[in-house]
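One structure is given here, and the rest of the page talks about it.
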2 protein chains.
Amino acid sequence: MPNAFLRKLDSFEPLHPDDRDWLKSISSRTREVDADIDLISEGDNPENVLLILAGFAMRYKVTSDGRRHIFAYLIPGDFCDLHVALLKKMDHSIATLSPCRVAYLSPGTILELTERRPSLARALWMCSLVDEATLREWLVNLGQRSAPHRISHLFCELHERMKAVGLTDDGSFELPLTQAELSDTMGLSIVHANRSLKELREAGLVSLKNERIVIPNVRRLAEYSDFDPSYLHLRWPALAHGSRQR
Amino acid sequence: MPNAFLRKLDSFEPLHPDDRDWLKSISSRTREVDADIDLISEGDNPENVLLILAGFAMRYKVTSDGRRHIFAYLIPGDFCDLHVALLKKMDHSIATLSPCRVAYLSPGTILELTERRPSLARALWMCSLVDEATLREWLVNLGQRSAPHRISHLFCELHERMKAVGLTDDGSFELPLTQAELSDTMGLSIVHANRSLKELREAGLVSLKNERIVIPNVRRLAEYSDFDPSYLHLRWPALAHGSRQR
DNA sequence: CGCACGATTGATGTCCCTCAACATGAGTGG
DNA sequence: CCACTCATGTTGAGGGACATCAATCGTGCG
């Protein structure tokens, strides 16, 4: 696989060949991790910066009454904790959802990067800006949309992001999520998530089977979801763009 | 006022005296802006980086069906769009909620800063990390908590942040929000936000009058809200810390 | 005064939750 | 090969949280 990470950075802005080479050279120390393993836990003071090379992971937090909330999905090419290098302590946890290949970068590598490769540093900063924009969009999603629209909006986003790293197959991609995870993401009960999925399925908008999602008509789903990919700041969004007004 | 911005950065990590002086020197170009004015609109390509020196502002977005969602409040010392300097287009809008004093920094200033003042640059990066952590916490808030708890959690956060910049008076501070704004923040209807406020008021937890909030017992409200300030990454949180388990 | 805006309250409906039962499929051990 | 378990998905019934519609009330302001 030609490195989803390179592909992702490239999809923001073309990378310098020098930077490409340098990036390839550093992805040395990698590890295979099983599904359902915490990569980083809340309260940790992480020593490495982690990069997902393959597989699916999530950021989450557990409230004091035991409710879990998932607020990000990490797909190949995503950093786990670029941002937290600066902070003393993780304020949330990260766990794998499927078996993953993970690169462990030393803080020194990141430091070197920020000092000697300004254009790359910009690209990385860009990554965290997009993460932030994504959080904002998720907030809108939770605050303003009904369950089925919420869920389908998530699917649109994941499709767009998976496509940017070359992991879609014509509206279909791996999605190793249980309905429990989906509901903890959407602030819904499992039961209601299930019923909403059923509604989407019966409307012919999405079907979900064997850890794989199929979207027969991506554009139709995007319209249904009021999905406008501009917050992802990709150079080539799969969708021209939604119908959001000013 | 001894510059809320300095105070904020200081509350993450003590500032270098040199950096303090430099910071004071740049807050030259400021402007007074009325309430309810868009500082930046979605789609803009902003030319300046804005810093709130006094007053209250918000980030928001409007969905295609006309629903507004607010996903951040900006208080003195907060950057509006540090982050978006890199992006081509704003993916959301920023508007004042009260009359504000705003500093306009040229992108050049920021560039100079990131190149010549690494420790300051770290402090600024820190600001965006905290913004991001705050978004995550808001997501948990919307996804997992009931209306009254949601609202009181917001109040706890604002109290903590206002305190960090010296704008609280013993559990009380300016809060120029209408119930409409509150409900657009919380993903609630105005009516329900009103009833939830009533509940909080009758429980003696908070009262809200004349654009000012009074929290008789901050610790009690924090317990009620399951509020743990650690996501704000302040050096001296007003609250020792909540009861969040691992 | 009369107007606009925000806050408040009542009545009614709906979205979503909880509890509970049952179905399905993968894995395990006999 | 079958009984068993466990995790996940699915469906029904009833209740609660929250939405919507509508009316009223206070207050600052031209």
Side-chain angles (χ1 to χ4, degrees), chain A residues 34-37 56 58 63 65-70 95-99 141-154 174-203 206-214, chain B residues 34-36 56 58 63 65-70 95 97-99 141-154 174-203 206-214:
Chain A
D34 281 345
D36 299 312
I37 301 287
F56 233 82
M58 62 173 172
T63 60
D65 61 341
R67 298 170 67 94
R68 173 181 67 171
H69 193 89
I70 298 173
T96 58
L97 287 163
S98 70
N141 209 22
L142 253 76
Q144 307 299 140
R145 288 192 259 262
S146 72
H149 290 88
R150 238 182 259 185
I151 294 175
S152 61
H153 191 280
L154 171 68
E174 294 291 331
L175 190 62
L177 294 186
T178 65
Q179 294 186 355
E181 280 139 5
L182 197 59
S183 57
D184 284 349
T185 308
M186 292 303 167
L188 299 170
S189 68
I190 298 189
V191 173
H192 198 65
N194 178 296
R195 288 194 231 269
S196 303
L197 281 174
K198 181 183 179 187
E199 197 179 321
L200 293 174
R201 188 190 326 130
E202 290 179 346
V206 279
S207 65
L208 208 40
K209 195 172 355 182
N210 296 332
E211 317 217 313
R212 173 165 275 272
I213 184 175
V214 179
Chain B
D34 281 345
D36 300 312
F56 233 83
M58 61 174 173
T63 61
D65 60 342
R67 298 169 68 92
R68 173 179 68 170
H69 193 88
I70 299 172
L97 287 162
S98 70
N141 210 21
L142 254 77
Q144 307 300 140
R145 289 192 258 262
S146 72
H149 290 87
R150 237 182 260 184
I151 293 175
S152 61
H153 190 280
L154 171 69
E174 294 290 330
L175 190 63
L177 294 186
T178 64
Q179 295 186 356
E181 278 138 7
L182 196 58
S183 57
D184 284 349
T185 308
M186 293 303 167
L188 299 168
S189 68
I190 297 188
V191 172
H192 199 65
N194 179 295
R195 289 195 231 267
S196 304
L197 281 173
K198 183 182 178 186
E199 198 179 320
L200 293 174
R201 188 191 324 131
E202 289 178 346
V206 279
S207 65
L208 208 38
K209 194 172 355 181
N210 296 332
E211 318 217 312
R212 173 165 273 272
I213 183 175
V214 179

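Chain A is the first sequence line, chain B the second, and so forth, proteins listed ahead of strands; every chain is numbered from 1.
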Sugar-phosphate, base or nothing in reach of Leu188(B), heavy atoms under 4.0 Å: sugar-phosphate
Sugar-phosphate only, base, or nothing, as touched by Thr178(B) at under 4.0 Å among non-hydrogen atoms: sugar-phosphate
Under 3.5 Å: donor-acceptor pair, side chain of Thr96(A), backbone of Pro99(A): no
Phosphate OP1/OP2 of dT10(D) contacted by Lys198(A) side-chain N/O (<4.0 Å): no
Exercise: identify the closest heavy-atom pair between Arg150(A) and Gly187(A): NH1-O, 4.0 Å
Spacing of Glu199(A) atom CD relative to dT14(C) atom C1', expressed in whole Å: 13 Å
For atom CD of Gln179(B) and atom P of dT20(D), their distance in whole Å: 16 Å
Nucleotide of dC16(C), dT11(D), dT9(C) approaching Arg195(B) most closely (side-chain heavy atoms): dT9(C)
Value in whole Å for how far the P atom of dA17(D) lies from CG of Asn194(B): 17 Å
Rounded distance (Å) that lies between atom P of dC5(C) and atom CD of Glu181(B): 14 Å
Test applied, side-chain hydrogen bond (donor to acceptor under 3.5 Å, both in side chains); reference residue, Arg68(A); option that passes from Thr63(A), Thr185(A), Asp184(A): Asp184(A)
Rounded distance in Å - CG (Asn210(B)) to P (dG28(D)): 8 Å
Flag side-chain contact, heavy atom, 4.5 Å: Arg201(B) against Leu208(B): no
Euclidean distance, atom CG of residue Asp36(A) to atom C1' of dC6(D) [Å, nearest integer]: 14 Å
Flag, side chain of Gln144(A) to backbone of Asn141(A), donor-acceptor distance under 3.5 Å: no
Residue whose nearest DNA chain C nucleotide is more 5′ - Arg201(B) or Val191(A): Arg201(B)
Separation of atom NE2 in His192(A) from atom P in dG16(D), rounded to whole Å: 18 Å
Interatomic distance, Ile190(A) CD1 vs dA20(C) C1' [rounded to whole Å]: 14 Å
Nearest to side-chain heavy atoms of Ser189(A), which nucleotide of dT18(C), dC16(C), dC18(D): dT18(C)
Selected nucleotide, minimal atom distance to Ser146(A) side chain, candidates dT9(C), dC18(D), dC16(C): dC16(C)
